[in-house]
Amino acid sequence: FKLVRKKYPGLPKENENARACPGESDGDNVDLSKLSKKARRKRERMIQYKRRKLEKYIHTGRHSCTMTPNADLTLLCKLKEGPDKPVLCLGTTSESPGFICSGSTDGKINAWRVRPGDPEDVNIKPILIGIKVHLMGVNAISVSKVSDELIIVSGGDDQAIGITRLDNSDVLRSKRLFPQSCGSAIRGICTNGQRIWSAGLNQRLRVWNITNDDTENPSLQFESPIDCADVNDLDVLNHKIVVSGAGFCVFSNCI
């Protein structure tokens, strides 16, 4: 799991086979011996400057992530605490502070809080790591922040919808799995904290109401066939539901 943070086109590689001149592509190698003495000194000063700049942004043992350059000279945030299995889906929120959620092939979900701060810094705190929600892989996940809690909704190959709630202190409040929510694997899901929109391989769009009572199942409010095969994703855009697959469908009467 890697979070792309910032690109620096001249960052050096961190291995013994790194090129003498960082930032060059394989088709644009420069032989330093062919440069003039003045050009070589200028290039070496540029490399030293960019190495110092890199050291400024590499963090170890801070905010649960380590900043390192990868092979294509992109600065990455590699989370020290995260999923053990491949990640199938991600969900985020746009408000501040933001949240990142992931679903894995082992049926577990993870969540991190992204705190506001220096735009050149990454401040990520794990709040939910390795919570088993689904019996099979998690194909879709969505997160919404309401007044007093964070609601994470997920759908998986087990045909079930999972609802996980955290309070304002990032403490797990409840975790529920609602089996047979779809007649097939769920491939797309979205929530606003009050409703859930789900779509599966059975080509059915379903709209659910979320109750405040953790012991009650979500109530089905609307169902409609989807006129595209191989449903793969779902999202809410400008008060419309967009479902993609072999083509895409737009629903405007089920928000």
Side-chain angles (χ1 to χ4, degrees), residues 87-95 98-104 107-111 127-128 131-167 172-228 231-245 248-255:
V87 172
L88 296 177
C89 55
L90 286 173
T92 63
T93 61
S94 57
E95 64 269 8
F99 295 90
I100 302 172
C101 297
S102 72
S104 309
K108 295 180 180 180
I109 66 172
N110 304 271
I127 58 176
L128 204 66
I131 300 299
K132 182 73 171 180
V133 176
H134 289 268
L135 304 177
M136 303 171 71
V138 182
N139 294 325
I141 194 167
S142 179
V143 57
S144 179
K145 183 71 170 69
V146 294
S147 58
D148 62 341
E149 63 181 356
L150 183 73
I151 298 179
I152 304 172
V153 175
S154 53
D157 283 329
D158 54 4
Q159 306 180 18
I161 289 178
I163 300 180
T164 306
R165 301 172 187 258
L166 284 78
D167 62 20
L172 181 63
R173 175 179 291 177
S174 65
K175 180 192 69 172
R176 293 289 308 280
L177 185 68
F178 303 99
Q180 299 301 320
S181 300
C182 185
S184 65
I186 297 176
R187 302 301 298 271
I189 203 163
C190 192
T191 185
N192 61 0
Q194 298 176 337
R195 283 195 170 189
I196 300 173
W197 296 270
S198 67
L201 292 177
N202 62 346
Q203 297 178 242
R204 306 291 296 182
L205 170 68
R206 293 184 175 181
V207 183
W208 312 79
N209 272 353
I210 301 177
T211 63
N212 293 327
D213 189 350
D214 295 341
T215 62
E216 294 184 5
N217 292 1
S219 57
L220 182 62
Q221 299 295 310
F222 178 84
E223 184 174 3
S224 175
I226 300 172
D227 294 330
C228 65
V231 171
N232 192 52
D233 203 358
L234 175 150
D235 204 354
V236 178
L237 177 65
N238 295 332
H239 302 287
K240 292 180 173 60
I241 307 300
V242 182
V243 182
S244 66
F248 67 90
C249 292
V250 179
F251 298 83
S252 58
N253 59 344
C254 53
I255 293 294

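Each residue takes its place number in the sequence, starting with 1.
- Under the side-chain contact (heavy atoms from CB on, under 4.5 Å) criterion, R176 pairs with F178, T215, N217, sequence neighbours left out.
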Practice prompt. Show your reasoning for whether side chain to side chain contact (heavy atoms under 4.5 Å, CB included) applies to C182 and N202.
Written response: CA-CA 8 Å; C182 185; N202 62 346; 3.4 Å; yes

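- Between the SG atom of C228 and the CD atom of Q203 there is a distance of 7.0 Å, given to the nearest 0.5 Å.
- V138 has its side chain out of reach of L88: every pair of non-hydrogen atoms, C-beta onward, lies at least 4.5 Å apart.
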Item to complete: Go through L166 and I152 one step at a time and tell me if the side chain to side chain contact (heavy atoms under 4.5 Å, CB included) criterion holds.
Response: CA-CA 8 Å; L166 284 78; I152 304 172; 4.1 Å; yes

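- Between the side chain of S142 and the backbone N or O of C190 there is no donor-acceptor pair closer than 3.5 Å.
- Evaluation of the side-chain contact (heavy atoms from CB on, under 4.5 Å) rule for A140 yields I189 as partners, not counting sequence neighbours.
- With sequence neighbours excluded, the residues forming a side chain to side chain donor-acceptor pair (under 3.5 Å) with S219 are Q221, listed by chain and number.
- Environment of CG in D148: crowded, with over 12 heavy atoms of neighbouring residues, nucleotides or ligands closer than 6.0 Å.
- Partners of K145 under the side-chain contact (heavy atoms from CB on, under 4.5 Å) rule, at least two apart in sequence or in another chain, are E95, F99, L150, N168.
- Note that CG of L234 and SG of C249 are 11.0 Å apart. Values are rounded to the nearest 0.5 Å.
- Between the CG atom in L172 and the CD1 atom in I131 there is a gap of 6.0 Å [rounded to 0.5 Å].
- The salt bridge (Lys or Arg N to Asp or Glu O under 4.0 Å) search around R187 returns none, not counting sequence neighbours.
- Applying the side chain to side chain donor-acceptor pair (under 3.5 Å) criterion to Q194, with sequence neighbours excluded, gives no partner residue.
- Scored by the side chain to side chain donor-acceptor pair (under 3.5 Å) test, T211 finds no partners at all (sequence neighbours excluded).
- Between atom CD1 of residue I210 and atom CD1 of residue I151 there is a gap of 5.0 Å, rounded to the nearest 0.5 Å.
- At least one side-chain heavy atom of I163 sits under 4.5 Å from a side-chain heavy atom of I196.
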Discussion item. Applying side chain to side chain contact (heavy atoms under 4.5 Å, CB included) to S104 and N110, what does each step give before you reach the verdict?
Written reply: CA-CA 9 Å; S104 309; N110 304 271; 4.0 Å; yes

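- Contacts of R204 classified as salt bridge (Lys or Arg N to Asp or Glu O under 4.0 Å), with partners at least two apart in sequence or in another chain: E223.
- With sequence neighbours left out, the side chain to side chain donor-acceptor pair (under 3.5 Å) criterion links S198 to W208.
- To the nearest 0.5 Å, atom CG of residue N232 and atom CZ of residue F248 are 14.5 Å apart.
- Under the side-chain contact (heavy atoms from CB on, under 4.5 Å) criterion, D233 pairs with S244, sequence neighbours left out.
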